[in-house]
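What follows is a set of notes on a single structure, which appears directly below.
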Amino acid sequence: QGYAHVEANELRANEKIPWGYDAMILMEFDQPKAKYTLRAANQKYWNCDATFSDAPTDNSYYTLVLAEGNKIGFRGANNKYMTAPTASDQIMKCTSNDCKTNEAFVLSDSHGQVTITANNNKFVSMSRGEDPQVVAKDKTDTEIFQMEFIGEGKWN
């Protein structure tokens with residue numbers, strides 16, 4: 001299984017590592033509804049019918065269900081569980097009646113990831129075996145750097 005991320009304006013679970021802006025997914029709790037929404041890196045809400053919306057709709061709310069192995073499942077408005085298909089080109093959507101292996105998720109917290117922008121509005125980029133360079137006009141995974149807290153108020 002892979003990590004969820006936004007690809008081609010869809011939510012897919014085919015990333016090998018949770019890296020970059022596209023892999024950021026926020027769980028937001030709606031207290032009056034007592035349910036969660038999933039807001040992706042594109043600032044849109046993922047719906048159980050495999051679409052994005054600019055604001056939460058009835059299809060944007062999920063009930064969290066405990067699954068086997070300290071995992072959770074997301075039950076959508078259609079009372080089906082969100083599935084993370086094993087094929088890399090398939091999108092995540094609520095299609096399963098049961099919370100099995102492909103419907104069980106692990107929540108992962110990660111260190112902060114940042115981009116560094118120079119005065120010329122270009123991003124610092126890193127390639128294997130090279131020193132950092134200020135050359136990139138767009139953000140990709142090579143313009144993302146991880147910040148790690150090393151204690152005593154210091155970051156690495």
Side-chain angles (χ1 to χ4, degrees), residues 1-30 35-62 64 71-78 80-96 101-156:
Q1 295 289 28
Y3 290 92
H5 74 117
V6 177
E7 180 182 309
N9 206 34
E10 298 168 336
L11 198 59
R12 299 181 185 187
N14 61 2
E15 285 247 305
K16 293 184 182 187
I17 57 172
W19 190 259
Y21 178 74
D22 61 312
M24 184 179 68
I25 299 169
L26 300 175
M27 286 178 49
E28 297 177 345
F29 184 68
D30 185 303
K35 294 186 179 190
Y36 289 86
T37 59
L38 299 175
R39 188 161 47 106
N42 60 5
Q43 300 304 311
K44 295 180 184 268
Y45 293 87
W46 188 245
N47 300 310
C48 67
D49 62 355
T51 61
F52 277 117
S53 58
D54 292 327
T57 68
D58 289 341
N59 284 325
S60 303
Y61 292 96
Y62 299 91
L64 293 186
K71 297 180 180 180
I72 61 168
F74 294 93
R75 191 172 62 222
N78 62 359
K80 295 187 183 279
Y81 291 91
M82 184 183 303
T83 299
T86 54
S88 64
D89 62 341
Q90 292 182 328
I91 59 176
M92 297 171 62
K93 56 187 166 185
C94 296
T95 58
S96 179
T101 303
N102 288 348
E103 294 77 35
F105 297 86
V106 175
L107 300 179
S108 298
D109 195 12
S110 63
H111 295 286
Q113 296 177 7
V114 299
T115 58
I116 303 169
T117 309
N119 287 339
N120 61 2
N121 291 324
K122 290 185 178 180
F123 296 97
V124 172
S125 184
M126 189 74 171
S127 295
R128 185 175 284 179
E130 294 182 15
D131 290 332
Q133 299 178 25
V134 180
V135 295
K137 293 180 182 178
D138 297 312
K139 284 186 275 188
T140 67
D141 285 352
T142 59
E143 288 74 45
I144 305 287
F145 298 88
Q146 184 165 302
M147 301 293 292
E148 294 184 13
F149 186 69
I150 56 174
E152 298 179 22
K154 297 179 182 177
W155 291 85
N156 190 16

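- Distance OG/Ser125 to NZ/Lys137: 13.5 Å, rounded to 0.5 Å.
- Taking both residues in full, the closest heavy atoms of Arg12 and Gln90 are given as CG-O, 3.6 Å, listed atom of the first, atom of the second, then distance.
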Hey, mind stepping through Tyr45 and Glu28 against side chain to side chain contact (heavy atoms under 4.5 Å, CB included) and telling me if it holds?
-> CA-CA 10 Å; Tyr45 293 87; Glu28 297 177 345; 3.1 Å; yes
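- Within the 4.5 Å cutoff, no side-chain heavy atoms of Thr115 are placed close to those of Phe145.
- Rounding to the nearest 0.5 Å gives a distance of 9.5 Å between CG of Asn102 and OG1 of Thr95.
- A distance of 12.5 Å separates OG1 in Thr117 from NZ in Lys122, rounded to the nearest 0.5 Å.
- Put simply, CH2 on Trp46 and CG on Leu38 are 10.0 Å apart, with the number rounded to the nearest 0.5 Å.
- You'll find the ring centres of Tyr36 and Tyr62 outside the 6.0 Å limit.
- To the nearest 0.5 Å, the span separating NZ on Lys93 from SG on Cys48 amounts to 11.5 Å.
- The shortest distance between side-chain heavy atoms of Lys80 and Ser96 does not fall below 4.5 Å.
- Here Glu10 contributes atom CD and Met92 contributes atom CE; the two are 12.0 Å apart, rounded to the nearest 0.5 Å.
- Remark: the backbone N or O of Asn59 is paired with a side-chain donor or acceptor of Thr57 at under 3.5 angstrom.
- Within a 6.0 Å radius of CG in Asn78, other residues, nucleotides and ligands contribute more than 12 heavy atoms.
- Contact detail for Ala55 and Ser60: the closest heavy-atom pair is O-OG, 4.3 Å.
- Scored by the salt bridge (charged side-chain N to carboxylate O under 4.0 Å, His left out) test, Lys44 finds Asp54 as partners (sequence neighbours excluded).
- Centroid-to-centroid, the aromatic rings of Phe74 and Phe105 come within less than 6.0 Å.
- Using a 4.5 Å cut-off on side-chain heavy atoms (C-beta onward), Glu15 and Asp22 make contact.
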Check the pair Val124 / Glu143 against side chain to side chain contact (heavy atoms under 4.5 Å, CB included), numbers first and verdict last.
-> CA-CA 6 Å; Val124 172; Glu143 288 74 45; over 6 Å; no
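- Among all heavy-atom pairs drawn from Ile25 and His5, the shortest one is CD1-N, 4.4 Å.
- What you find for Asn42 and Phe52 is that their closest heavy atoms are ND2-CE1, 3.5 Å.
- Closest approach of Ile91 and Pro85 over heavy atoms only: O-CG, 3.3 Å.
- By the 4.5 Å heavy-atom criterion applied to side chains, Tyr61 and Asp30 are counted as neighbours.
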